[in-house]
Number of protein chains: 4
Amino acid sequence: MRSESESPGQKGRTFIEEARRRQIIEAAVEVIAEQGYLKASLAKIAERAGISKGVISYHFDGKDDLLHQLVIQLYIAGGEFMAPRIDAAEGAWPKLRAYLESNFEFIGQHRTYLRVFVDVIGNLRDQDGMLHFRDMQENADVLDPLVELLEEGQQTGEFAEFDVRMTAMFIRDTIDGLAGRVSRTEDFDMERYSRAAVEATARMVCR
Amino acid sequence: MRSESESPGQKGRTFIEEARRRQIIEAAVEVIAEQGYLKASLAKIAERAGISKGVISYHFDGKDDLLHQLVIQLYIAGGEFMAPRIDAAEGAWPKLRAYLESNFEFIGQHRTYLRVFVDVIGNLRDQDGMLHFRDMQENADVLDPLVELLEEGQQTGEFAEFDVRMTAMFIRDTIDGLAGRVSRTEDFDMERYSRAAVEATARMVCR
Amino acid sequence: MRSESESPGQKGRTFIEEARRRQIIEAAVEVIAEQGYLKASLAKIAERAGISKGVISYHFDGKDDLLHQLVIQLYIAGGEFMAPRIDAAEGAWPKLRAYLESNFEFIGQHRTYLRVFVDVIGNLRDQDGMLHFRDMQENADVLDPLVELLEEGQQTGEFAEFDVRMTAMFIRDTIDGLAGRVSRTEDFDMERYSRAAVEATARMVCR
Amino acid sequence: MRSESESPGQKGRTFIEEARRRQIIEAAVEVIAEQGYLKASLAKIAERAGISKGVISYHFDGKDDLLHQLVIQLYIAGGEFMAPRIDAAEGAWPKLRAYLESNFEFIGQHRTYLRVFVDVIGNLRDQDGMLHFRDMQENADVLDPLVELLEEGQQTGEFAEFDVRMTAMFIRDTIDGLAGRVSRTEDFDMERYSRAAVEATARMVCR
DNA sequence: TATGAATGAGCGTTCATTCAT
DNA sequence: TATGAATGAACGCTCATTCAT
């Protein structure tokens, strides 16, 4: 039943087991949100979930695996939330705008989750001390869709000439910046940030 | 020998003590850079510095104090590097450009240090679980100079109309984004990022 | 499993846990008896009990809790030993005599435990540096029953006139004195002390 | 300059050195009075005395030696205070009364010192875990003068028949009891205790 | 004599993990 | 499946002691 030795997805898992896993991840999110990555011990997570410590070991291949799943879960959820909204838009700028706005909206709807997300991906490391999700933030999955969007806009003439890869990064920085601010500031004014970010991005990329 | 109970500056410390403190902070930087905040124990730091664990306790008021000093040291160094470069520029846009470029240059010169900086300010918490440097990222010290610069540019007509506070945040996000990328990617092309960031900012703020 | 957060008594504890707790307390008694409060580390106690250090933390809420339980356990055992003997006597002097003799007998039966008891209540302090059991030695629980006994004897005319509260203290001093002597002298002649103490007290309080 | 390797008394010590030793002992008394034996580190004692830690090591053969001297100093001071008062009295009961009252008076004048005394003799142990001053409390020095006094009174017919050695212990218990109460209770009414103790002793020993 | 610096052992505690039941 | 119990290593920290200056 170890998640890392299974094929991806939910194959081989009963409905009950999936429920347990989600329950444990939820508890982990709550504990990390309140106490931070460092102080989030399995004991506290188990207590929050109302189960014994051993259950976590049973369902996950250790603490790292649990946190790995936690990150992946939110990552997938984010993708599933944004994809249809972006697809629904037509034209490069409307799509980019949808990308930004749906991202912001998702962050707003998962503030607590985001705070935990930021905390975990900044700390979860393998045995060599390398960040587990170092690649995820830099590589294709995150940046490429944005790069394609920008290139598309340049080809259609909607967008000005600029270094697309770098500009994709700036846009990501603005989104990650919001995630960070939201995790640090309880009552951060997301609406205002979102509106201004869309305008700033428009000035930055549109002709 | 407690750093927190001392008056600011280096008063009351001997030369040799200052050297030891720097040596210990350097060792801490190296260990955190390689293994991350979580795994950076005093034992490892002491071993790296070639001293015994007790020496750290002797020179610092505990682990938190050591990390606090580490952050402050880089923070001050950054300010001292950038201030004259910004002051030397005349006009809102040249000043903003100097702000960006000196910031980027400083980050480039302290890549390892920066990686550690990001790690520590994201993890160092006080007894209530609050991030020690949460304010530092959000408050006046960091954002206000930028806000003033933008307002100045709007008054002189150099800059377009936009939400200055939010725009200041976007600019910070780009800088913090670089810090993050530099900490994650060994051979990140800073030159290209820097050049593109200056151009993007220009499009974003200038008329 | 934290003893301080549990309701009084043994509710919520399994039989096996109670056995472990008793075993650990016994080991603590032995170590403190031999090496004294100061040198009695959890490591030594665990070694004596033949378990690992962590087990103590698992069953007690820290070292202070363990020692607290140790004291309370003997305190309660003493009360349970003496109470029926005192109740069985009729008349103020017979009751006082039973108080003394049952106290002496209990001390004699728990010489080692008493040595430890004296050591712990003289050293165990809370975070403010105040002795945990300072009150226990001075307050109602210990002195009041004795005061009542003496007042009763004065009302029935069995006892002479004297300062009852102070006299209660002198009687306690004699008992505590025995506890101290027993802890210091391996082969102290308790019988002789007990007999002489009863006689001396009779001369002191009876008409 | 190590005290244990020197002959007793002050031979071989300069006036300045004696002053330093007294100063250090005073500082130790203050620290132990406030924080208790356990938390009284040499660092705190040195800080209180306004000197560096090393000085203590220079003047005393380690912490144990310092505390040893501390106890002896008060012990001698007590003897010097009481002896002339007892000698001045004539007759067994007046002498015993002077013994009690001068003892009480001395305790009253050195409440803080006494608290420390009780703390130290209860904790200071040699390497085998034996109390350093175990004998002092039980042997000739403390008990014999009292025994002689009681025997004298019995021979002159002033005192009744009783077990003198045990009775000497009861009297010591009352004195030690006061020392303990004074150390535990800030505003303990010594006058009342003293008066009642003299009366109670009279009833206990006089015909 | 006195000091600041350093040591190294030991402290109480936390925690991910294992395992018999 | 789930649990309570136990482990053992690592943690930050304290402290008596040593020593070159």
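Both backbone and side-chain heavy atoms feed into the values below; hydrogens, waters and symmetry mates do not. Each chain gets a letter, A, B and so on, in the order the sequences are listed, and its residues count up from 1.
Summarising the geometry, the separation between OH on B:Tyr58 and C1' on E:dA6 is reported as 8 Å, rounded to the nearest angstrom. Whole-Å rounding puts the A:Arg21 CZ to F:dT1 C1' distance at 15 Å. In this entry the distance linking CD1 of D:Ile45 with P of F:dC15 reads 11 Å, nearest Å. Rounded to a whole Å, the CZ atom of D:Arg20 is 8 Å from the C1' atom of E:dA2. E:dA5 atom P lies 13 Å from atom CD1 of B:Ile51, rounded to whole Å. Taking atom CG of C:Asp61 as the reference point, atom C1' of E:dG12 lies 12 Å away to the nearest angstrom. In this structure, C:Leu124 places its CG atom 13 Å from P of E:dG12, rounding to the nearest Å. Rounded to an integer number of Å, the gap from B:Phe15 CZ to F:dT21 C1' is 17 Å.
Residues C:Leu131 and C:Leu124 fail the side-chain proximity criterion, which asks for heavy atoms closer than 4.5 Å.
Mapping C:Lys44 and C:Gly54 onto DNA chain E via the closest heavy atom, the residue that lands nearer the 5' end is C:Lys44. A residue-by-residue look at A:Lys63 and B:Ile16 shows that B:Ile16 has its nearest nucleotide of DNA chain E further toward the 5' end.
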- Message: Show, in sequence, the C-alpha distance, side-chain angles and deciding distance for B:Phe133 and B:His68, and conclude whether the ring pair (Phe, Tyr, Trp, His ring centres under 6.0 Å) test is met.
- Response: CA-CA 9 Å; B:Phe133 295 100; B:His68 202 96; 5.0 Å; yes

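Ion pair A:Arg22/A:Glu17 not flagged as a salt bridge, since none of the NZ, NE, NH1 or NH2 atoms sits closer than 4.0 Å to an Asp/Glu carboxylate oxygen. Using a 4.0 Å cut-off between a side-chain N of Lys or Arg and a carboxylate O of Asp or Glu, C:Arg115 and C:Glu34 do not qualify as a salt bridge. B:Arg21 and B:Asp65 are not joined by a salt bridge, as no carboxylate oxygen comes within less than 4.0 angstrom of a charged side-chain nitrogen.
Distance from the side chain of B:Ser52 is smallest for E:dT7 among the nucleotides F:dT7, E:dT7, F:dA5.
In terms of heavy-atom proximity, D:Ala28 sits nearest to D:Leu66 at CB-CD2, 4.3 Å.
D:Lys44 is linked by a side-chain contact (heavy atoms from CB on, under 4.5 Å) to D:Val31, D:Gln35, D:Lys39, D:Ser41, counting only residues two or more places apart in sequence or in another chain. For A:Tyr37, there are no ring-ring contact (aromatic ring centres under 6.0 Å, His included) partners, not counting sequence neighbours. Partners of C:Lys63 by side-chain contact (heavy atoms from CB on, under 4.5 Å), not counting sequence neighbours, listed by chain and number: C:Leu42, C:Leu67. In terms of the ring-ring contact (aromatic ring centres under 6.0 Å, His included) criterion, A:Tyr113 has no residue partners (sequence neighbours excluded).
Remark: D:Ala40, D:Ser41, D:Leu42 in residues 25-42 of chain D come within less than 4.0 Å of DNA chain F through at least one heavy atom.
For E:dT3, neither phosphate oxygen OP1 nor OP2 lies less than 4.0 angstrom from any side-chain nitrogen or oxygen of B:Thr14. Contact check, D:His59 against E:dA2: a side-chain N or O comes under 4.0 Å of OP1 or OP2. Close to F:dC15, at under 4.0 Å from its OP1 or OP2, lies no side-chain N or O of B:Ser57.
D:Lys53 contributes no side-chain N or O that forms a donor-acceptor pair with the base of E:dT3 under 3.5 Å.
Where pairing requires Watson-Crick or G-U contacts shorter than 3.5 Å, the helical stems of DNA chain F with at least three consecutive pairs are E:2-21 with F:2-21.
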